[in-house]
2 protein chains.
Amino acid sequence: MNDLEVRQLRYFVAVAEELHFGRAAERLGMAQPPLSRTIRDLERQLGVTLFERTTRQVKLTGAGEVLLRDARTALEAVTAAARRARHAGSAAPRLRIALKADIDGGLLPQILDAYSTDPAALPPDLVLGGFGAQPQAVRDGLADVALVLRPVDDRGLDSEPLLTEQVLVAMAATDPLAARNQLCLADLAGRSLPNGAPADDGRTSSPPPGVTTPASNLSEIFSLVETGSIVFFAPLSVARRNPRPGVAYRPVSDLPNCTLAVAWPHDARSPAVAAFVRAAVEVAHHAHAHAETHMHSGTA
Amino acid sequence: MNDLEVRQLRYFVAVAEELHFGRAAERLGMAQPPLSRTIRDLERQLGVTLFERTTRQVKLTGAGEVLLRDARTALEAVTAAARRARHAGSAAPRLRIALKADIDGGLLPQILDAYSTDPAALPPDLVLGGFGAQPQAVRDGLADVALVLRPVDDRGLDSEPLLTEQVLVAMAATDPLAARNQLCLADLAGRSLPNGAPADDGRTSSPPPGVTTPASNLSEIFSLVETGSIVFFAPLSVARRNPRPGVAYRPVSDLPNCTLAVAWPHDARSPAVAAFVRAAVEVAHHAHAHAETHMHSGTA
DNA sequence: ATCATTCATACCTCCAGGGTATCAATAGCG
DNA sequence: CGCTATTGATACCCTGGAGGTATGAATGAT
């Protein structure tokens, strides 16, 4: 009934992922026999068989599969604890804000402005990452707070919605479909998407119309859009701030709206995180109240 | 650099809770010097000071407080992984349902009924626990799914609301306040509550009017209510199913409604859990529809 | 100033985690 | 059907580190 150790979990995950003791041992930088022994001890300790193994094949049992899931989240929790403690103890702690470039609803400057007036504010660091990487960054303790697009994998996170926006499709102005004012997803079947587009997170969202094409930033994406190589789903605020002659934005009838939200670890207690969340909600509320006229940031 | 170990986290939590190396060591069943050394190594490893210590006083630094929180959740995750793996590997797995006796909105029989018809259903086990213990039971891997009253500490859990009910106060029929039809919390200031009453979870809910009195089950509580020793907050369904001559139920104007919800671990993938959630939501939906039709004569 | 308390240091012991060598079982093949 | 290659399990050894004991050092109390 002794407790599990991180080492055991890490070894187990390696074997579960490789389904091969030799390769797993190599990946772990150790020899195969002690790995086999550790897994055997783990099974004894849990009173459960985790792998069905013959000399030719290793596969997970049911219990092994549930442990794989839980072990991963437990390991995440442990490494996050270390990261956050390291960061909290650093001489000049900062607030690390995870977001995807350009996906901030245009609110980021104002949020940072409002946030910086809070006495609890720490200097902000922007942690940029690909689409969908923000929640993981927060979970892993690489960031303290994040701006995310819902729906999102929010295990371990609390979040507060900021604003909901229509999602438009960006396409070449010369595209035949651009002549129409209303499209639906079916019309886009077969078009290429940039990798990591907002509407393409693979979980609850719309079925991807076609293949994806690698592109990392907006200017790359827009060049591809202009040439008609891809189409691209963009929230309204992104579309507004990126008017381009060669690009037409069109609403898509059956594409769900996306919601920008601020997210933080469930158990966050840092005043700086609280201050940022407060600022974000406040700014979003204002922006919403002032409807869609224009917004004065205007402090000095 | 190197990863944290469960042992380090456990030792750290013990010291952080005791704020005393000697007592912490005793609690851990070990001598004090290796404990001190382990904490020192942990600090070196993280590059962070976790405790301010003099020979007369030990207290947490900011980084220490951050780590305490994260360490607790990480340890929870680890022990939950072990418990769930053990359970999943057991020969006859069952679905362990955590709930507080009598707090099921009267739906439990129907839910179990509906659930049992699902082909994925496992035999149910009821895991009874005090108020507020259910989420922890799920987090710790002692239960697979829970019926909880919101608001609730749902770190690590997903949940789906089943039904929202008015909360009434139960008091002795002879109580002067029972003569009135509408009360507010202020009227109840100074009254005793049973320990673990729904409206007394200490987080987001109402300020507790007064002291609490220990009582573990409904019949004990009702005897105390009848004698006027305590008042008691009860959801409508509980009130309905427990009409007692000596007890009067009255609405409280400024008491927020409570919501019964079904909750499960974020990463649950067990078909049995899914079946139970499905059954619960379905039954609640039906019950709700029924209630609406009956409510045409309704109260305000 | 003295003492008691309590955390840190020094040093020792021993177990367990890791390595090497080898066995054993199975699949593939002629 | 027997040979071989692959791969997980077993046997055994060795070393690092976790834990114990003895003791020092700092601080608050009297």
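Heavy-atom basis, side chains included; hydrogens, waters and symmetry copies ignored. All of these numbers come straight from a predicted model, not from anything done at the bench. By convention in this document, chain letters (A, B, ...) are assigned in the order of the sequence lines, proteins followed by strands, and residues within each chain are numbered from 1.
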Output a table of nitrogen or oxygen pairs between the protein and nucleotides 15-19 of chain D separated by less than 3.5 Å.
residue, atom, partner, partner atom, Å
dA18(D), OP1, R7(B), NH2, 3.4
dA18(D), O5', R7(B), NH2, 3.2
dG19(D), OP1, Y11(B), OH, 2.9
dG19(D), OP2, R7(B), NH1, 3.2
dG19(D), OP2, Y11(B), OH, 3.3
dG19(D), N7, R37(B), NH2, 2.5

Interatomic distance, E26(B) CD vs dT6(C) P [rounded to whole Å]: 12 Å
Of dA21(C), dA22(D), dC7(C), the nucleotide closest to the side chain of P33(B) is dA22(D)
Distance, rounded to the nearest Å, where R23(B) contributes CZ and dC7(C) contributes C1': 13 Å
Where T61(A) and T49(A) come nearest, the two heavy atoms and their spacing: OG1-O, 2.7 Å
Atom CZ of R40(A) and atom P of dA11(D) are separated, to the nearest Å, by 9 Å
Determine, stepwise, if the pair L9(B) / V6(A) fulfils side-chain contact (heavy atoms from CB on, under 4.5 Å). CA-CA 11 Å; L9(B) 293 180; V6(A) 167; 5.9 Å; no
Can a donor-acceptor pair be found, under 3.5 Å and without considering hydrogens, that links the side chain of D158(B) to the backbone of W264(B)? no
What is the distance, rounded to the nearest whole Å, between atom CZ of R44(A) and atom P of dA9(D)? 11 Å
As a quick check of understanding, evaluate side-chain contact (heavy atoms from CB on, under 4.5 Å) for R27(B) and E17(B), giving each step before the final call. CA-CA 11 Å; R27(B) 199 175 103 184; E17(B) 283 177 357; 2.8 Å; yes
Protein and nucleotides 3-6 of chain D: nitrogen or oxygen contacts under 3.5 angstrom:
residue, atom, partner, partner atom, Å
dT6(D), O2, R56(A), NH1, 3.0

Steps toward side-chain contact (heavy atoms from CB on, under 4.5 Å) verdict (Q45(A), E5(A)): CA-CA 11 Å; Q45(A) 195 174 332; E5(A) 276 299 324; over 6 Å; no
Between E52(B) and Q57(B): side-chain donor-acceptor atoms closer than 3.5 Å: no
For the pair Q8(A) (side chain) and T38(A) (backbone), establish whether a donor and an acceptor sit closer than 3.5 Å, ignoring hydrogens and angles. no
Could you grab the distance from atom CG of L75(B) to atom CG of D140(B), nearest 0.5 Å is fine? 10.5 Å
Dot-bracket for DNA chain D, please, read 5' to 3', with Watson-Crick or G-U wobble pairs under 3.5 Å on both distances, ( ) within the strand, [ ] crossing, | other strand, . unpaired. ||||||||||||||||||||||||||||||
Categorize Q32(A) for me: base, sugar-phosphate, or nothing, with a 4.0 angstrom heavy-atom threshold over every strand shown. base
How many whole angstroms separate atom CG of L28(A) from atom C1' of dG18(C)? 12 Å
Q57(A) CD to dA9(D) P, straight-line distance once rounded to whole Å: 14 Å
Would you call the rings of F276(A) and Y115(A) parallel, tilted or perpendicular, where under 30° means parallel and over 60° means perpendicular? perpendicular
Under-4.0 Å side-chain N/O to phosphate OP1/OP2 contact, T54(B) with dT27(D): no
Evaluation steps, side-chain contact (heavy atoms from CB on, under 4.5 Å), between V273(B) and L95(B): CA-CA 7 Å; V273(B) 169; L95(B) 181 75; 3.8 Å; yes
Should the ring pair F51(B) and F12(B) be called parallel, tilted or perpendicular, given that the plane angle runs from 0 to 90° and is split at 30 and 60? tilted
Please give, in whole Å, the distance from dA16(C) P to Q8(A) CD? 12 Å
Using whole Å, what does the distance between atom P of nucleotide dG8(D) and atom CG of L50(A) come to? 16 Å
Is the shortest side-chain N/O distance from R53(A) to OP1 or OP2 of dA9(D) below 4.0 Å? yes
Backbone N or O of L50(B) within a donor-acceptor pair of the E43(B) side chain at under 3.5 Å? yes
